[in-house]
Enquirer: 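First the structure, then my questions, so here it is.
Numbering starts at 1 and runs along the sequence shown.
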Amino acid sequence: MSRNLRPNASWTCCFPCPCPPRPRGSCAHRKITERRLPLARLTIDTEYLTGRLERLLGIASPTGYTDEVVWEVCRELGRLGVDYELTRRGAIRARIPGEEPRPARAVVAHVDTLGAQVKAVKDNGRLEVVPIGHWSSRFAEGARGTVFSEKGGWRGTILPLKASGHTFNEEVDEQPVSWRQVEMRIDARVRNRHDVLKLGIDVGDIIGIDPQPEFLDNGFIVSRHLDDKAGVAVMLAAMKAIMEDAQTPTVDTYWLFTIAEEVGSGASSVLVPDVASMITVDNGTTAPGQNSDEFGVTIAMADQTGPFDFHLTRKLVKLAREEDIRFQKDVFRYYRSDSASALEAGADIRTALVTFGVDASHGYERIHVHALRSLAELLTAYVLSPVEIERDASPMAGVEGFTHQDQSEAHEKAAADKPAPERDGSRPR
């Protein structure tokens, strides 16, 4: 078994210590008493995780053009020995059987990314484009990409309408930031609309934006589309740890890979009725005013659709503490995920959101492998943890076994703070 072991040590060491710098715990003057406590989380193969991420980033998959990345994930699930099935459009539902079938759990990430689409073929031979998903044209300016036409892929660059300082001088810096202010230049001999149409390029063609990934030696990863291909890689790494360690989840666990999260539909049509709780894996925003971080797990308490499930969220916080996984909490104002789409579709499930901190989300994103590993560890701890709300096995049931949100301390404090009434019954002044 490759469970982690957490040292629980106490020591004394002379100060100042005369020993030369050594790895933590190696000081010859330290008296160590240590006992090792088994953790539920499993060891994560970070080389596998980053390798999967690099492979996924190399496959263009803007919403509406996800078939090839679906094939890639299915091939990897087959290599891991995990059974799966697909919806008509390609959302993936994999299952690792548990000790009991219900109340089943689900973990979800999305394989689709941001992109663009041809709005019009212009008379000057360039393409008017609109975004797929919500992202600023500020990050589209200068982006390389591929237009997927009926006659194959054509390379090009998204440029501002006024792209040459030698021609437009200061007007280059005075242009508004808007998708109406950019166009795509095709790398082919085209001078007018007719030339473009002859290439097979037409209105509605989907454009994949190059990710331009960099994997740095210090653990940072910079790329477009880390949202949410990093989440997909995290899930695959967690599944690999479970399968190779021959662990059996507490209950059936479904690993879902959706194909349209960036346009809002996400997990609306891939759940099964037995699923009682679902954890979404996606990006958190490490921006001013946010508590997210590029290290550890960021557990979302709420997004623009409202609070996440009280009990499931607190279970994740408790697991992170018990499993010695760094974490922080955050609330997102302008954010929605696969959890929202599942609830809006009518699923009666508990939902939570765990994230890896992303700087410059939906732009040139940056993450750190520490957060990805921490997330994968938390997922393994979760699927191996006991079910605490057994009543969730039934979609409808009586009040017996229903949860409580303990308010006793608040009531006691309120009673203690309340002034005693006057003896004559008059209101206290």
Side-chain angles (χ1 to χ4, degrees), residues 53-73 75 89-90 110-168 172 175 177-214 222-229 259-263 362-365:
L53 175 56
E54 186 172 17
R55 172 65 180 166
L56 291 166
L57 289 170
I59 302 172
S61 59
T63 309
Y65 197 84
T66 55
D67 288 1
E68 299 314 307
V69 77
V70 167
W71 274 101
E72 172 63 21
V73 174
R75 283 191 291 265
R89 295 191 301 135
H110 62 92
V111 299
D112 62 308
T113 69
L114 303 169
Q117 197 165 16
V118 178
K119 172 66 172 65
V121 180
K122 303 169 72 171
D123 290 337
N124 64 356
R126 306 232 171 156
L127 306 177
E128 181 183 347
V129 297
V130 292
I132 293 176
H134 298 282
W135 59 300
S136 173
S137 66
R138 185 188 303 275
F139 288 109
E141 293 180 2
R144 295 283 291 164
T146 302
V147 184
F148 299 108
S149 76
E150 291 183 6
K151 296 182 180 179
W154 293 92
R155 299 287 290 160
T157 308
I158 297 178
L159 297 170
L161 298 182
K162 297 177 180 180
S164 171
H166 291 97
T167 300
F168 298 105
V172 169
Q175 292 178 88
V177 176
S178 164
W179 283 93
R180 292 182 179 272
Q181 295 293 319
V182 297
E183 61 187 4
M184 189 166 193
R185 178 188 68 197
I186 303 301
D187 297 333
R189 191 170 182 177
V190 291
R191 301 182 186 277
N192 51 51
R193 183 174 183 272
H194 177 71
D195 291 343
V196 175
L197 294 175
K198 283 176 63 177
L199 298 179
I201 298 173
D202 205 345
V203 173
D205 288 344
I206 289 177
I207 303 168
I209 306 299
D210 291 2
Q212 299 175 275
E214 290 186 44
V222 183
S223 178
R224 298 179 190 263
H225 311 323
L226 295 173
D227 170 17
D228 188 27
K229 289 187 174 178
I259 59 170
E261 191 274 347
E262 292 293 359
V263 296
H362 281 201
Y364 284 104
E365 300 169 334

Enquirer: Show the nearest heavy-atom pair for residues Gly208 and Phe148, with the distance to one decimal.
Expert: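 Closest approach of Gly208 to Phe148: N-CE1, 3.7 Å.
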Enquirer: Apply side-chain contact (heavy atoms from CB on, under 4.5 Å) to Glu261 and Asp228, showing your working.
Expert: CA-CA 9 Å; Glu261 191 274 347; Asp228 188 27; over 6 Å; no
Enquirer: Please round to the nearest 0.5 Å and tell me the distance separating atom CG of Leu114 and atom CD1 of Ile207.
Expert: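 If I round to the nearest 0.5 Å, the distance is 13.0 Å.
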Enquirer: Are side-chain N/O atoms of Asp112 and His110 paired as donor and acceptor at under 3.5 Å?
Expert: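 Note: Asp112 and His110 side chains meet the donor-acceptor criterion.
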Enquirer: Could you grab the distance from atom CD1 of Ile201 to atom CG of Leu127, nearest 0.5 Å is fine?
Expert: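 It is 5.5 Å, given to the nearest 0.5 Å.
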Enquirer: If I compare all heavy atoms of Val182 with all of Ser137, which pair ends up nearest, and what's the gap?
Expert: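 Reported closest heavy-atom pair: CG1-CB, 4.4 Å.
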Enquirer: Over all heavy atoms of both residues, which pair between Pro211 and Leu57 is shortest? Give the atoms and the distance, please.
Expert: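 So the minimum-distance heavy-atom pair works out to CG-O, 3.2 Å.
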Enquirer: Without hydrogens or angle criteria, can the side chains of Lys229 and Ser223 be said to hold a donor-acceptor pair below 3.5 Å?
Expert: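 No, Ser223 and Lys229 have no side-chain donor paired with an acceptor closer than 3.5 Å.
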Enquirer: Over all heavy atoms of both residues, which pair between Glu72 and Leu56 is shortest? Give the atoms and the distance, please.
Expert: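 In terms of heavy atoms, the two residues are closest at CG-CD2, 4.2 Å.
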Enquirer: Filter on salt bridge (charged side-chain N to carboxylate O under 4.0 Å, His left out), then keep only pairs touching residues 190-210, sequence neighbours left out; what's left?
Expert: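 For residues 190-210: Arg155-Asp210.
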Enquirer: Side chains of Trp135 and Asp227, heavy atoms from C-beta outward: is any pair under 4.5 Å?
Expert: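 They are not in side-chain contact.
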Enquirer: Could you check whether any side-chain heavy atom of Ile209 comes within less than 4.5 Å of a side-chain heavy atom of Ile158, counting everything from C-beta outward?
Expert: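 Yes, close enough: below the 4.5 Å cut-off.
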Enquirer: Any chance you could measure Ser136, atom OG, to His362, atom NE2, to the nearest 0.5 Å?
Expert: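 Those atoms lie 12.0 Å apart.
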Enquirer: Name the one of Lys162, Lys119, Lys122 that satisfies salt bridge (Lys or Arg N to Asp or Glu O under 4.0 Å) with Glu183?
Expert: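 Among the candidates, only Lys122 passes.
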Enquirer: Mind telling me whether Tyr364 and Phe139 have parallel, tilted or perpendicular rings, with 30° and 60° as the class edges?
Expert: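 Plane angle over 60°, so perpendicular.
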Enquirer: On a heavy-atom basis, which atom in Pro62 and which in Gly115 lie closest, and how many Å separate them?
Expert: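 Smallest heavy-atom distance, with atoms named: CB-CA, 3.9 Å.
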Enquirer: For Trp179 and Glu128, indicate whether the former's side chain and the latter's backbone hold a donor-acceptor pair under 3.5 Å.
Expert: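 Checking the backbone N and O of Glu128 against the side chain of Trp179, no donor-acceptor pair under 3.5 Å is found.
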Enquirer: Please determine whether the number of non-hydrogen atoms from other residues, nucleotides or ligands lying under 6.0 Å from atom CZ of Arg55 exceeds 12.
Expert: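 Not buried by this count: 12 neighbours or fewer within 6.0 Å.
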Enquirer: Let's go through Asp187 and Arg185 carefully: what are the C-alpha distance in whole Å and the side-chain angles of both, what is the deciding distance for side-chain contact (heavy atoms from CB on, under 4.5 Å) to 0.1 Å, and is it a yes or a no?
Expert: CA-CA 7 Å; Asp187 297 333; Arg185 178 188 68 197; 4.3 Å; yes
Enquirer: Supply the atom-to-atom distance Thr63 OG1 to Glu262 CD, rounded to the nearest 0.5 angstrom.
Expert: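 Nearest 0.5 Å value for the OG1-CD distance: 5.5 Å.
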Enquirer: Hey, what do you get for OH (Tyr65) to OG1 (Thr146), rounding to the nearest 0.5 Å?
Expert: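 Spacing of OH (Tyr65) from OG1 (Thr146) equals 9.0 Å.
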Enquirer: Main chain of Thr66, side chain of Ser61: is a donor-acceptor contact present, judged purely on distance under 3.5 Å?
Expert: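 Not a single qualifying donor-acceptor pair exists.
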Enquirer: Do any N or O atoms from the side chain of Glu365 and from the backbone of Leu226 form a donor-acceptor pair under 3.5 angstrom?
Expert: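 Yes; at least one donor-acceptor contact below 3.5 Å.
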Enquirer: If you look at every heavy atom in Ile259 and Arg89, which pair is closest and at what distance?
Expert: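 Smallest interatomic distance, heavy atoms only, reads CD1-O, 3.3 Å.
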Enquirer: CZ of Arg144 to OG1 of Thr157: how many Å apart, nearest 0.5 Å?
Expert: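 If we round to the nearest 0.5 Å, Arg144:CZ and Thr157:OG1 are 3.5 Å apart.
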Enquirer: Just by modelled atom types, is the Gln175 backbone N or O under 3.5 Å from a matching donor or acceptor in the Gln181 side chain?
Expert: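 Answer holds: no.
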